[in-house]
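What you see below is based on every heavy atom in this structure, not just the backbone, and it leaves out hydrogens, waters and symmetry mates.
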Amino acid sequence: VFKNLAMARMSMTLSMLLSAGVDAIRSLQQSFLATGNDYYIQGMTASVEQVKQGKSLAESLQAADVFPGEFIEGVEVGELSGNETESLDFLASEYDRRAKAALQ
């Protein structure tokens with residue numbers, strides 16, 4: 001439940017901030033913090049450092065070493081297709097659905 005809620009918050013926040021035109025570094029920082037989960041937040045520094053080095057969003061999230069592969073793949077597909085926010089919205093919905101199912 002906690003993993004799925006954190007991932008839903010991460011995806012939703014990242015999608016909203018990127019859609020609003022917030023720079024990648026601030027978007028990542030706020031999205032990590034939005035998880036409300038220290039496990040995920042511990043990866044923030046590594047991820048932000050990768051963005052500063054010019055890495056893609058998917059590569060930067062991979063560097064955090066805290067996210068499931070399916071999440072990284074979803075972000076990568078969005079980047080490659082030019083639909084980052086749509087992919088993140090889909091991921092947010094999927095993780096939210098999983099969290100609700102787990103609660104039941």
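- Annotation for L103: hydrophobic cluster partners, listed by chain and number, are V1, L5 (ILVMFWY side-chain heavy atoms under 4.5 Å, direct or chained).
- Contacts classified as ring-ring contact (aromatic ring centres under 6.0 Å, His included) and involving residues 43-62 (residues at least two apart or in different chains) are not found.
- Hydrophobic cluster of L17: the remaining members, joined at side-chain heavy-atom separations below 4.5 Å, are V22, listed by chain and number.
- Hydrophobic clustering of Ile, Leu, Val, Met, Phe, Trp and Tyr side chains at less than 4.5 Å, counting indirect connections, unites L14 with M44.
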List the steps and the verdict of side chain to side chain contact (heavy atoms under 4.5 Å, CB included) for K52 and I25. CA-CA 8 Å; K52 288 179 181 177; I25 293 171; 3.6 Å; yes
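- Between S60 and V51, the shortest heavy-atom distance links the atoms OG-CG2, 3.2 Å.
- In the hydrophobic clustering of this structure, V66 groups with I72; members are Ile, Leu, Val, Met, Phe, Trp, Tyr whose side-chain heavy atoms approach within less than 4.5 Å, directly or through other members.
- Atom CG in L28 sits 5.5 Å away from atom CG in L61 (nearest 0.5 Å).
- The side chain to side chain donor-acceptor pair (under 3.5 Å) contacts involving residues 17-41 comprise nothing, where partners must be two or more places apart or lie in separate chains.
- Residues forming a salt bridge (charged side-chain N to carboxylate O under 4.0 Å, His left out) with E59 (at least two apart in sequence, or on another chain): none.
- Under the rule for a salt bridge (charged side-chain N to carboxylate O under 4.0 Å, His left out), K55 has no partner lying at least two apart in sequence or in another chain.
- Remark: S15 pairs with D89 by the side-chain hydrogen bond (donor to acceptor under 3.5 Å, both in side chains) rule, at least two apart or across chains.
- A pairwise comparison of heavy atoms in A46 and A63 identifies CB-O, 3.7 Å as the closest pair.
- Residues S11 and F71 have side chains in contact (heavy-atom distance under 4.5 Å, counting atoms from C-beta outward).
- Residues passing the salt bridge (charged side-chain N to carboxylate O under 4.0 Å, His left out) test with D96, sequence neighbours excluded: K100.
- A single hydrophobic cluster is not seen to contain both M7 and F90; linkage of ILVMFWY side chains at heavy-atom distances under 4.5 Å, directly or through other members, places them apart.
- Partners of M12 by side chain to side chain contact (heavy atoms under 4.5 Å, CB included), not counting sequence neighbours, listed by chain and number: M16, A92.
- Contact annotation: the side chain of V75 never approaches that of E84 to less than 4.5 Å [non-hydrogen atoms, C-beta and beyond].
- L18 has its side chain within reach of L57: a pair of non-hydrogen atoms, C-beta onward, lies under 4.5 Å apart.
- Residues passing the ring pair (Phe, Tyr, Trp, His ring centres under 6.0 Å) test with F32, sequence neighbours excluded: F67.
- The main-chain N or O of G43 is never found under 3.5 Å from a side-chain atom of S47 such that the two would form a donor-acceptor pair.
- Sequence neighbours left out, the pairs with a member in residues 67-82 that pass salt bridge (Lys or Arg N to Asp or Glu O under 4.0 Å) are E70-R98.
- Listed by chain and number, the residues in a side chain to side chain contact (heavy atoms under 4.5 Å, CB included) with E86 are N83 (sequence neighbours excluded).
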